[in-house]
Amino acid sequence: MPHSQHTQSLSAIGRRGSLVLDTHIDAASWDDALTRIIEWGRQHQSRYVTLCNVHSVVTASQSSDFQKVLAEADLALPDGAPVAWVLRHSGHPNQERINGPDLTWRYLASAEKLGQSVFFFGSSDHTLTKLKAHISTAFPKLKVVGMVSPPFRELTHDEDQAYIDQINHSGAHVVFVGLGCPKQEVWMAQHRGKINAVMLGVGAAFDYHAGTIQRAPAWMQRTGLEWFHRLCSEPRRLAKRYAVTNTLFIYRTMKAMLLERDRPSPGNRQ
C-alpha cells in the first residue's frame, strides 16, 4: 500500500503514529495501551498486539509478508528505544518506549484487580515453571488459566486446533505469546479470528520474569542500552543479528531524515 493511502487508512480508524522504516508504529501512552488491551480483553475480542524493536522493523523492511503481519496488527507499539526515538522526532515528542516485560507486568497487576484471566503460550517448560512461581508470589489472586510450551517444530493441523480449543475453553482474556520474533507475530496473525482473546507478542518477557535471563539495569533501560546488555549476555546468538539490523536501521533512518530535511516545503516551491 502506498504511504499516503496507508496513513489515511490508519487515520480513519483513529490510530496515531508514524512510519519507522516501512512499518507504522502507534503513538500511544502506557495508559492508552493498557486501556485498549483491558477493554478488548473484557469483550474477548480476537486481537493481536506487536511490540516492535529494531530487529522487527528491519525484518519487516526486508520481507513483504512480515511487513503485512505488522501492518495488520491491532496495535504496534514501540518496544525498542530507537523506535520510540524515531516517533519522538516524527511529531510525537512525548512518546515513551513501551516494552514487552514492563507491559506484561503492568497488565498482570491490572488483571489481578479486574479479575481478568491470562494464558501463557511459548518458551520452555523450565521457564514456564519458574515464571509461574514468580507470578504466584507477585500476584497471588491473578487467574492464570494455562501455560503451554509448544513444540519448536511446525504443528500439525490437529495439534494447532487443540491449542486453540484449550485457550478458548480456558476463558483467557489475554494470551501472552513468547515464541520470539518473527515467529510469534506470524502466529498471532494466523490466529486472529480463531482465538477469543487479545494476543500480546512479548518475546523474552517470559525469560526475564522467570529469571532465566538477567534483564539490564534500570539505567541501561532508560538510556536505550538494553540491547547492548543482551548482546553481552548472549554474544554468540545475537552478535550477527545486531551487527546487521542495527547498522541497517541507523543507515536507513538517517537517510530518511536527511531526505526529509532537504525536501522543500510546499510554500517554498517555485
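For clarity, every value in this text was computed on a predicted model and none was experimentally measured.
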Residues Leu21 and Val57: closest non-hydrogen pair is CD1-O, 3.9 Å
CD/Gln184 to OG1/Thr50 distance, rounded to the nearest 0.5 angstrom? 9.5 Å
How many angstroms lie between CG in Asn99 and SG in Cys52, if you round to the nearest 0.5 Å? 13.0 Å
Is Asp26 reaching over with its side chain to a backbone N or O of Gly17, donor-acceptor style, under 3.5 angstrom? no
Is a donor on one side and an acceptor on the other found under 3.5 Å between the side chain of Gln95 and the backbone of Arg88? no
Side chain to side chain contact (heavy atoms under 4.5 Å, CB included), that's the test. Do Met199 and Phe121 meet it? Break it down for me. CA-CA 10 Å; Met199 295 168 279; Phe121 186 85; over 6 Å; no
Looking only at atom types and distance, does a side-chain atom of His92 sit under 3.5 Å from a main-chain N or O of Leu87, one as donor and one as acceptor? no
Sequence neighbours excluded, which residues qualify as salt bridge (Lys or Arg N to Asp or Glu O under 4.0 Å) partners of Lys183? none
How far apart are the closest heavy atoms of Asp207 and Ser123, and which atoms are they? OD1-OG, 4.1 Å
Is it the case that the side chain of Gln45 and the backbone of Ala197 share a donor-acceptor pair, with hydrogens and angles ignored and the cut-off at 3.5 Å? no
State which residues pass side-chain hydrogen bond (donor to acceptor under 3.5 Å, both in side chains) with Ser29; sequence neighbours excluded, sorted by chain then number. Asp32
Between Tyr208 and Gly100 (side chain of the first, backbone of the second, donor and acceptor by atom type, cut-off under 3.5 Å), is there such a pair? no
Ignoring hydrogens and angles, tell me if any N or O in the side chain of Thr35 forms a donor-acceptor pair with the backbone of Asp31 under 3.5 Å. yes
Looking at CD of Gln62 and CG of Asp22, how far apart are the two atoms once the value is rounded to the nearest 0.5 Å? 10.0 Å
Between Pro78 and Glu96 the two heavy atoms that sit nearest each other are CG-O, 3.7 Å
Between Thr212 and Lys130 the two heavy atoms that sit nearest each other are CG2-CD, 3.9 Å
For Arg192, enumerate each residue passing the side-chain hydrogen bond (donor to acceptor under 3.5 Å, both in side chains) test, keeping only those at least two apart in sequence or located in another chain. Asp74
For Asn168 and Asn196, indicate whether the former's side chain and the latter's backbone hold a donor-acceptor pair under 3.5 Å. yes
When every non-hydrogen atom of Val69 is compared with those of Val186, the smallest separation belongs to CG1-N, 4.1 Å
CG-CD distance between Leu179 and Glu185, expressed to the nearest 0.5 angstrom: 9.0 Å
So which pairs with a foot in residues 124-150 pass ring-ring contact (aromatic ring centres under 6.0 Å, His included), sequence neighbours left out? Trp105-His134, Trp105-Phe139
Between CG on residue Leu51 and CG on residue Asp79, distance to nearest 0.5 Å: 5.0 Å
Listed pairs under 3.5 Å, donor-acceptor, residues 113-120 side chains, sequence neighbours left out:
unit_1	atom_1	unit_2	atom_2	d
Gln116	OE1	Tyr107	OH	2.5
Gln116	NE2	Ile38	O	3.0
Ser117	OG	Gly171	O	3.1
Ser117	OG	His173	ND1	3.3

Does any N or O in the side chain of Arg47 come within less than 3.5 Å of the main-chain N or O of Val198, such that one atom is a donor and the other an acceptor? no
Grab the two heavy atoms, one from Ser46 and one from His191, that are nearest each other, plus how far apart they are. OG-O, 3.9 Å
By the salt bridge (Lys or Arg N to Asp or Glu O under 4.0 Å) test, which pairs, at least two apart or in different chains, include something from residues 56-71? Lys68-Glu72
Linking I/L/V/M/F/W/Y whenever their side-chain heavy atoms sit closer than 4.5 Å, directly or via other members, would Ile98 and Trp85 fall into one cluster? no
